[in-house]
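Everything below concerns the one structure shown next.
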Amino acid sequence: MTHDLVSDFQARGLIHQSTDAARLREWLSVPGRRVYAGFDPTADSLHVGHLVALVLLRRVAHAGHEPVALIGGATGMIGDPSGRSEERNLLSPDELAANIAGVERQIRAILLSDAGNNSHVTPHHVVNNADWMRGVGYLEFLRDVGKHVPLSQMLGKDSVKSRLERDGGLSYTEFSYMLLQAWDFVHLSDSLDCRVQIGGSDQWGNITAGIELGRRLRSRELHGITCPLLTKSDGTKMGKTASGAIWLDPRRTSPYRFYQYWINVDDDDAGRCLARLTPLSLDELADLDAKRAAQPAARDSQKRLAEELTRLVHGDGGLAAARQATEIFFGAEIGQLDDSQLAEIFADVPSREFSRSVLDGEGLLLIEALTDTGLAQSRGAARRTVEQGGAYVNNRRIADPAHRLTTNDLASASTLVLRSGKKSYAIARFQ
RNA sequence: GGGGAGUUUCCCGAGCGGUCAAAGGGGUCAGACUGUAAAUCUGAUGGAUUUUUCCUUCGCAGGUUCGAAUCCUGCACUCCCCA
């Protein structure tokens, strides 16, 4: 199972900067080495931007080493200035506790997920830096850590320089962030003999601060690797959409939307995502690259990408749900589903409650249902949509503007699915 | 301080007393095509009604007129030129 992690990372385009590659290779030539990546609990869920690091840890395990995921319970109280243009707002203790719990659950789930091919459970560690920072006194910290970090070095970091040049500047608190992260690294090298830290390219300054501190305090050689930020071909960050970030928590981003995000990745970006985010072998990657060039319309790459990642994050059940929803959103008439299935599939879709009695007798005017659910701005717009063939009930086109909805139109016991155009759905519930 | 130009529907922009809910473009929404892509093509695009009319809209407030986005007066704001 052991293979050369560094070469694999290089082949997949995962290395942006690293400390001396030869020394790093040498250290990693022995199985069971510990490698860590940190995650600050800035929200109660991680998002797609964290996926590279999470997958990186899985690769570490896959290569026969032991991944260490560090949750920044302490550093999260401060806020990392790296890659940020403004001072962060501090989180309340309650928020922070909830965030830590959520993030920890996700990290464990992903490290333990048997998606892909490493079905055997390898040893892994999840630690929280609050556990060792909490008891440390301020004076003690200044004497033991601060004393060994030259100000010139701190001021030289890009994360600090760029902020100092801006109007907002940065506070002493955020300035100190890198000391905490540096100490984390040294602490993990003490407690777990963890000597390698990986992170996004914006973490280089913080990682090198830790390496430097390790040399000064312990005369110990530590290593660091950063991976390039995953960006789209247009230069924007991966995982951001017009409607916000793509989260890993199904309550924030449904498995369907998560799946769809990857299905819709540009051809230009698909290869890079596959290489960096999936466990596919280099041969499989080359194969998909060739297929994509020859037959872009088949979109094998996107399908594989969506499948791998949805399974990793949401499990087989999540993948199945996403696929079922996909079929419905792009396909056939809706029937044979019960209320709860519909509720699940259309979790992201706006819904509106109606009194059941409106379906009796003549029924509810379709046009009225379209405006009431917000699918149309006005009755005129609704009429237009219907007349132009853009209105669907349970995915069946209704082109008669005088159509009235009755109990016959219900897709399940009390639910009816309205659609305008290709993608705009709304759920009407009749209680 | 003096002189000039302007303010139009989501945006840009035409309109110069009735035929103006207001050209054209962009955007948006539908349809066709397609790879759930890009491009292209078609239709629609103030509100209510449904085919007939009504209501609201052209910086704001008044006025002239049978009739004003269009003319007049005042006010507000924007831009340009000369000191």
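Just so it is clear, the values below take in all heavy atoms, side chains as well, and ignore hydrogens, waters and symmetry mates. Letters A, B, ... mirror the listed sequences (proteins, then strands); counts begin at 1. From a predicted model like this one, the values you see are computed outputs, not experimental measurements.
When the C1' atom is compared between B/rG15 and B/rG6, the two are found 15 Å apart, to the nearest whole Å. A gap of 13 Å separates the P atoms of B/rA32 and B/rA37, to the nearest Å. Straight-line distance between the P atoms of B/rC10 and B/rG59: roughly 13 Å, to the nearest whole Å. Spacing of P atoms, B/rU64 relative to B/rG26, comes out at 43 Å, to the nearest Å. Across B/rA39 and B/rC60, the matching P atoms stand 38 Å from one another, rounded to whole Å. B/rU28 and B/rA38 are spaced 11 Å apart, taking the P atom of each and rounding to whole Å. A distance of about 8 Å separates the P atoms of B/rG13 and B/rU8, rounded to the whole Å. Between B/rG2 and B/rC20, the two C1' atoms lie 39 Å apart (nearest whole Å).
Residue A/Ala297 places its side chain closer to B/rG35 than to any other of B/rG35, B/rA32, B/rU36. Nearest to the side-chain atoms of A/Lys422 among the listed nucleotides B/rA32, B/rA30, B/rU36 stands B/rA32. Picking from B/rU34, B/rG35, B/rA37 the nucleotide with the shortest atom distance to the side chain of A/Pro296 gives B/rG35.
Positionally, the nearest nucleotide of RNA chain B for A/Arg397 lies more toward the 5' end than for the other of A/Arg397 and A/Ala298.
Note that A/Arg257 lies outside the cation-pi zone of A/Tyr261, set by a 6.0 Å cut-off to the ring centre and a 45° limit from the axis.
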Short N/O separations, protein against nucleotides 39-42 of chain B, under 3.5 angstrom:
none

Discussion item. Generate the contact string for nucleotides 47-56 of chain B. Rules: B means base contact, S means sugar-phosphate contact only, - means no protein heavy atom under 4.0 Å.
Written reply: SSSB------
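Using a 4.0 Å heavy-atom cutoff across all strands shown, A/Tyr259 reaches no nucleic acid atom at all.
For the residue pair A/Ser82 / A/Asp202, no side-chain donor-acceptor distance below 3.5 Å is found, with atom types taken as modelled. Donor-acceptor pairing under 3.5 Å is recorded for the side chains of A/Gln203 and A/Asn206. Side-chain contact check for A/Ser424 and A/Arg419: no donor-acceptor pair (N or O, by modelled atom type) lies under 3.5 Å.
If you take CG of A/Asp266 and C1' of B/rU36, they are 13 Å apart, rounded to a whole angstrom. One atom, CG of A/Asn264, and another, C1' of B/rU34, lie 14 Å apart when rounded to the nearest Å. For A/Arg292 and B/rA37, the CZ to C1' distance is 14 Å, given to the nearest whole Å. When the C1' atom of B/rU36 is taken as reference, atom CG of A/Asp300 falls 15 Å away, rounded to whole Å. In this structure, CG of A/Asp267 is placed 10 Å from C1' of B/rA38, rounded to the nearest angstrom. Regarding A/Lys303, its NZ atom lies at a distance of 13 Å from the P atom of B/rA37, rounded to whole Å. As rounded to whole Å, 10 Å separates atom P of B/rG35 from atom CZ of A/Arg299. Protein atom CZ of A/Phe330 is 12 Å distant from nucleotide atom C1' of B/rA37, rounded to whole Å.
Taking 4.0 angstrom as the limit, A/Ser424 places a side-chain polar atom (N or O) nearer than this to OP1 or OP2 of B/rA30. For the pair A/Tyr392 and B/rG31, the criterion of a side-chain N or O lying under 4.0 Å from OP1 or OP2 is met.
If you check B/rG35 for Watson-Crick or wobble pairing at under 3.5 angstrom, you find it has no partner at all. B/rU65 makes up no base pair with any nucleotide shown, lacking Watson-Crick or G-U wobble contacts both under 3.5 Å. B/rG1: Watson-Crick or G-U partner is B/rC82, with both key distances under 3.5 Å. Nucleotide B/rA44 forms a pair with B/rU28, judged by Watson-Crick or G-U wobble geometry with both contacts under 3.5 Å. Nucleotide B/rG59 forms a pair with B/rC75, judged by Watson-Crick or G-U wobble geometry with both contacts under 3.5 Å.
You'll find a donor-acceptor pair under 3.5 Å spanning the side chain of A/Gln260 and the base of B/rU36, going by distance alone. Residue side chain A/Gln388 reaches the base of B/rG43 through a donor-acceptor N/O pair under 3.5 Å, judged by distance alone.
Considering only residues two or more places apart in sequence or on other chains, A/Asp44 meets the side-chain hydrogen bond (donor to acceptor under 3.5 Å, both in side chains) condition with A/Arg252. Shown here are the salt bridge (charged side-chain N to carboxylate O under 4.0 Å, His left out) partners of A/Arg23, two or more places apart in sequence or in another chain: A/Glu26, A/Glu221. For A/Asp269, the salt bridge (charged side-chain N to carboxylate O under 4.0 Å, His left out) partners are A/Arg272, not counting sequence neighbours. The side-chain hydrogen bond (donor to acceptor under 3.5 Å, both in side chains) check on A/Asp316 picks up A/Arg311, with sequence neighbours excluded. Partners of A/Asp249 by salt bridge (charged side-chain N to carboxylate O under 4.0 Å, His left out), not counting sequence neighbours, listed by chain and number: A/Arg251.
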Worksheet item: What do the steps show when you test A/Phe329 against A/Phe346 for ring-ring contact (aromatic ring centres under 6.0 Å, His included), and what is the final call?
Response: CA-CA 9 Å; A/Phe329 277 106; A/Phe346 292 98; 5.1 Å; yes
For residues 30-42 of chain A, please give each side-chain donor-acceptor pair under 3.5 Å, one per line with the distance, not counting sequence neighbours.
{"from": "A/Arg33", "atom 1": "NE", "to": "A/Trp27", "atom 2": "O", "distance (Å)": "2.7"}
{"from": "A/Arg34", "atom 1": "NE", "to": "A/Glu66", "atom 2": "OE1", "distance (Å)": "2.9"}
{"from": "A/Arg34", "atom 1": "NH1", "to": "A/Leu192", "atom 2": "O", "distance (Å)": "3.0"}
{"from": "A/Arg34", "atom 1": "NH2", "to": "A/Glu66", "atom 2": "OE1", "distance (Å)": "3.2"}
{"from": "A/Tyr36", "atom 1": "OH", "to": "A/Gln197", "atom 2": "OE1", "distance (Å)": "3.2"}
{"from": "A/Tyr36", "atom 1": "OH", "to": "A/Gln197", "atom 2": "NE2", "distance (Å)": "3.4"}
{"from": "A/Asp40", "atom 1": "OD1", "to": "A/Thr75", "atom 2": "OG1", "distance (Å)": "3.0"}
{"from": "A/Asp40", "atom 1": "OD2", "to": "A/Tyr177", "atom 2": "OH", "distance (Å)": "2.5"}

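Sorted by first then second residue, the side-chain hydrogen bond (donor to acceptor under 3.5 Å, both in side chains) pairs that include residues 362-373 of chain A, not counting sequence neighbours, are A/Glu368-A/Arg379.
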